[in-house]
There are 2 protein chains.
Amino acid sequence: MPQGQPTRVPDDGLSTRQRRNKPLIMVHTGPGKGKSTAAFGLAMRAWNQGWDIGVFQFVKSAKWRIGEQTVMERLARLHAETGEGGPVEWHKMGSGWSWSRKDGTEEDHAADAAEGWAEIKRRLTDERHDLYLLDEFTYPMKWGWVDVEDVVETLTSRPGRQHVVITGRDADPRLVAAADLVTEMTKVKHPMDAGQKGQRGIEW
Amino acid sequence: MPQGQPTRVPDDGLSTRQRRNKPLIMVHTGPGKGKSTAAFGLAMRAWNQGWDIGVFQFVKSAKWRIGEQTVMERLARLHAETGEGGPVEWHKMGSGWSWSRKDGTEEDHAADAAEGWAEIKRRLTDERHDLYLLDEFTYPMKWGWVDVEDVVETLTSRPGRQHVVITGRDADPRLVAAADLVTEMTKVKHPMDAGQKGQRGIEW
């Protein structure tokens, strides 16, 4: 990624430094690959800066452990042992949120998603993390499990220096409007179109 | 990324397993963010599978050290010390390729790019890596420093199980045609449009 120059200087009363350091709302959407992968790449970069990272995966299946989780948890352990990088917490909905007392056998995904979002709101208020990675979070919004207006209001009024990246298809236009950076991943060609299944090391 | 099902089964005489394990040519292109970041996310996943990774950055500036390099080199050291994950080699053009005898002061980027590609060809013949990450490699092709036909011929006839991911804008149509997976990152909204500069932890 080359260093870019701003295309215009806004009349917002902020210095370049203040503007540079503005915490971002980022959205990776669209039907193509790379939405989550780029978000986890961003988390790797954030770890290197010593940031505190909170990952929240809004996925149904608990069995689905992706390689990124193993690596980020390994980096978190490295941080704990040597002080390198930053701390990482990894939470996923499918196995029951780790902070929740429920046993995870309940199949109420809507309630699980709402509970995940409620916890993220508490953490944003507490300024708990430097980077929040809300993976596949567009879906609970799309399905009405989490209120889009509440998300937009909470994110745009969040205190401090907290970056948020949200992934998933079909991002709500209100979320797109509120975001600072939105990238759409478009599928040009995919091996599954040629009858190929996902494979280890590429898809997970 | 949910597990997908193929949309059709091709008549290519291969079993599902053979098709699943087909090594891929992947291209991340388009004007949006996330092309390189997703490729480095993929490298993190590959490391976790124990793959041998070769990163080749076709960028001009040697000063530009991105967070991913620090993290991937740390993971490589972890591999050397504990056997976890896989080995990682990181080469960049701007400082003079590490395998080259030249002192790196020469400003002939075209020759540097051609030399980088020649080395990658040798490594592909030797089946040196499991994943090749050719970052910003579309530009030397676009500028005529590296012959697109040679790239396509070399990649499509490469031996063994070697995955290749190429990033950069304006991927040549012949490269797109030869690739198994192509994602276009489209810019919907970018902070630089609002006068904001790049910031630590987000851009590098």
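Just so we're clear, the structure is a prediction, and the values are computed from it rather than from any experiment. In what follows, chains are A, B, ... by sequence order, proteins preceding strands, each numbered from 1.
Taking 4.5 Å as the heavy-atom cut-off, the residues of residues 74-86 of chain B that approach chain A are B/R74, B/L75, B/R77, B/L78, B/E84, ordered by number. Within residues 119-132 of chain A, no residue has any heavy atom under 4.5 Å from a heavy atom of chain B.
Nearest heavy-atom pair, A/A38 versus B/G34, reported as atom, atom and distance to 0.1 Å: CB-O, 4.0 Å. Of all non-hydrogen atoms in A/L133 and A/A39, the two that sit nearest each other are CD1-O, 3.5 Å.
Between A/D180 and A/K22, at least one side-chain N (NZ, or NE/NH1/NH2) sits under 4.0 Å from a carboxylate O, which counts as a salt bridge.
At a 4.5 Å heavy-atom cutoff, the contact between B/E184 and chain A is made by backbone and side-chain atoms alike. If you measure heavy-atom distances from A/V176 to chain B, the contacts under 4.5 Å come from both the backbone and the side chain. For a residue to count as touching a neighbouring chain, one of its non-hydrogen atoms must lie under 4.5 Å from one of that chain's; by this rule A/A43 does not touch chain B.
Here CD of B/E153 is found 10.5 Å from CG of B/D147. Values are rounded to the nearest 0.5 Å. Atoms OG1 and CG, on B/T70 and A/N48 in that order, are 4.5 Å from each other to the nearest 0.5 Å. With rounding to the nearest 0.5 Å, the separation of CD in A/E73 from CD in A/E89 is 10.5 Å.
Counting heavy-atom pairs closer than 4.5 Å to chain A, the top residue among B/A46, B/A179, B/G30, B/G50 is B/A179. Ranking B/L181, B/L42, B/T29 against chain A, the residue ahead of the rest is B/L181, based on heavy-atom pairs under 4.5 Å. For the options A/K187, A/Q49, A/M72, heavy-atom pairs under 4.5 Å to chain B are most numerous at A/Q49.
A side-chain donor from one of B/Q57 and B/W90 sits under 3.5 Å from a side-chain acceptor of the other. Using modelled atom types, one finds a donor on one side chain and an acceptor on the other under 3.5 Å when comparing B/T167 with B/D135.
Between B/W117 and B/F137, the ring center distance clears the sub-6.0 Å criterion. Here the two rings, on A/F58 and A/W97, have centers that are under 6.0 Å apart.
Formation of a donor-acceptor pair under 3.5 Å by the A/H163 side chain with backbone atoms of A/L24 is found in this model. Not a single donor-acceptor pair under 3.5 Å links the side chain of A/R169 to the backbone N or O of A/Y139.
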